[in-house]
Engineer: 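A single structure is presented below for examination.
Just so it is clear, the structure is predicted and the values come from calculations on it, not from any experiment. Quick note: numbers below take in every heavy atom, side chains included, and nothing from hydrogens, waters or symmetry partners.
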Amino acid sequence: VVAGCAMPSPLQIRGALERLLGSQVFQAAPTQRSFLRYAVEHTLGGRCDLKEYCIAVDGLGRHESFDRRRDSIVRIEALKMRLNLARYYQRAGQLDPVRIEFPKGSYVPVFKLVH
């Protein structure tokens with residue numbers, strides 16, 4: 001394994017997720033908490049097909065008639081979540097050994113072992 005390229009284990013990823021969900025940054029953001037948990041568990045389950053509709057209906061509890069053209073909840077919450085993740089890792093999560101990131105343009109989380 002090349003230095004800096006090791007993948008965190010599912011146990012480490014779930015630990016990172018719980019730290020994020022328990023942080024002050026995410027305490028007041030229940031929709032982002034749901035989004036985070038859904039996306040991480042979905043990805044750890046081996047599914048890489050995170051689509052806006054599935055996140056809205058299965059992850060955020062929207063009705064099956066969800067129309068992404070009329071309801072931008074997923075895009076808005078993804079933007080807010082990326083900003084809150086950056087805030088968390090700049091402060092409380094500076095020393096976290098695992099980072100969960102969402103590259104711009106994707107709803108699939110990336111897991112990085114950083115320490």
Side-chain angles (χ1 to χ4, degrees):
V1 175
V2 177
C5 293
M7 284 293 297
S9 71
L11 185 62
Q12 290 173 307
I13 293 167
R14 285 189 174 97
L17 175 63
E18 293 309 317
R19 282 190 297 281
L20 280 168
L21 297 177
S23 72
Q24 281 188 323
V25 172
F26 286 97
Q27 281 298 309
T31 304
Q32 291 170 42
R33 290 167 50 89
S34 296
F35 191 134
L36 260 171
R37 184 174 300 283
Y38 177 77
V40 169
E41 291 298 338
H42 191 85
T43 303
L44 286 177
R47 300 181 308 268
C48 301
D49 59 342
L50 278 167
K51 302 290 183 204
E52 197 169 347
Y53 178 84
C54 294
I55 294 168
V57 175
D58 299 332
L60 304 180
R62 287 295 206 250
H63 192 269
E64 290 179 4
S65 63
F66 173 79
D67 181 350
R68 66 184 189 90
R69 293 169 296 187
R70 289 193 195 153
D71 187 345
S72 57
I73 181 104
V74 175
R75 293 185 303 279
I76 290 169
E77 292 301 326
L79 174 62
K80 290 179 186 178
M81 185 175 58
R82 286 183 186 101
L83 294 172
N84 276 337
L85 284 168
R87 263 185 39 214
Y88 172 79
Y89 289 123
Q90 286 172 353
R91 296 181 186 142
Q94 281 182 359
L95 301 178
D96 280 9
V98 174
R99 290 192 179 201
I100 298 172
E101 299 175 355
F102 287 80
K104 191 171 182 175
S106 175
Y107 299 125
V108 179
V110 173
F111 312 114
K112 296 182 179 180
L113 195 56
V114 291
H115 296 288

Engineer: Are Leu79 and Ile73 co-members of a hydrophobic cluster defined by side-chain heavy atoms under 4.5 Å apart?
Structural biologist: no
Engineer: Would you name the heavy atoms of Val98 and Pro8 that are closest together and state the gap between them?
Structural biologist: CG2-CB, 3.7 Å
Engineer: Rounded at 0.5 Å granularity, tell me how far CD in Glu77 sits from OG in Ser72.
Structural biologist: 9.5 Å
Engineer: Let's go through Glu101 and Arg82 carefully: what are the C-alpha distance in whole Å and the side-chain angles of both, what is the deciding distance for side chain to side chain contact (heavy atoms under 4.5 Å, CB included) to 0.1 Å, and is it a yes or a no?
Structural biologist: CA-CA 7 Å; Glu101 299 175 355; Arg82 286 183 186 101; over 6 Å; no
Engineer: With hydrophobic residues grouped by side-chain heavy-atom distances under 4.5 Å, do Met7 and Val110 end up in a single group?
Structural biologist: no
Engineer: If you round to the nearest 0.5 Å, how far is OH of Tyr38 from CD1 of Ile55?
Structural biologist: 7.0 Å
Engineer: Donor-acceptor pair, distance only, cut-off 3.5 Å: does the side chain of Arg75 make one with the backbone of Glu52?
Structural biologist: no
Engineer: What are the two closest non-hydrogen atoms of Pro103 and Val108, and how far apart are they?
Structural biologist: CD-O, 3.6 Å
Engineer: Can we say Arg37 and Glu18 salt-bridge, meaning some charged N sits less than 4.0 Å from an Asp/Glu carboxylate O?
Structural biologist: yes
Engineer: How are the rings of Phe102 and Phe35 set to each other: parallel, tilted or perpendicular (split at 30° and 60°)?
Structural biologist: perpendicular
Engineer: Please report the closest heavy-atom contact between Phe26 and Asn84, naming both atoms and the distance.
Structural biologist: CZ-CB, 3.6 Å
Engineer: Are Val74 and Arg68 packed together at the side-chain level, in the sense that at least one heavy-atom pair is separated by less than 4.5 angstrom?
Structural biologist: no
Engineer: Consider only side-chain heavy atoms of I, L, V, M, F, W and Y, link residues closer than 4.5 Å, and tell whether Leu50 and Leu44 are in one cluster.
Structural biologist: yes
Engineer: Treating Tyr89 as the side-chain partner and Asp96 as the backbone partner, does any N or O pair qualify as donor plus acceptor under 3.5 Å?
Structural biologist: no
Engineer: If two hydrophobic side chains count as joined below 4.5 Å and joins carry through other members, does Leu20 share a cluster with Leu83?
Structural biologist: no
Engineer: Quick one: CZ on Arg14 to CZ on Phe111, what's the gap to the nearest 0.5 Å?
Structural biologist: 9.0 Å
Engineer: Roughly how far, to the nearest 0.5 Å, is the CD atom of Glu41 from the CD1 atom of Ile13?
Structural biologist: 9.5 Å
Engineer: Ignoring hydrogens, what is the shortest heavy-atom contact between Tyr107 and Ala39? Give both atom names and the distance.
Structural biologist: O-CB, 4.0 Å
Engineer: Could you check whether any side-chain N or O of Gln90 sits under 3.5 Å from a backbone N or O of Leu85, counting only pairs where one atom can act as donor and the other as acceptor?
Structural biologist: no
Engineer: Would you find a donor on one side and an acceptor on the other, under 3.5 Å apart, between the side chain of Ser9 and the backbone of Gln12?
Structural biologist: yes
Engineer: Kindly compute the distance separating CG (Asp58) from OG (Ser34), expressed to the nearest 0.5 Å.
Structural biologist: 12.5 Å
Engineer: So how far is it from Lys80 NZ to Arg87 CZ, rounded to the nearest 0.5 Å?
Structural biologist: 12.0 Å
Engineer: Between Gln27 and Arg33, which heavy-atom pair has the shortest distance, and what is it?
Structural biologist: NE2-NH1, 3.5 Å
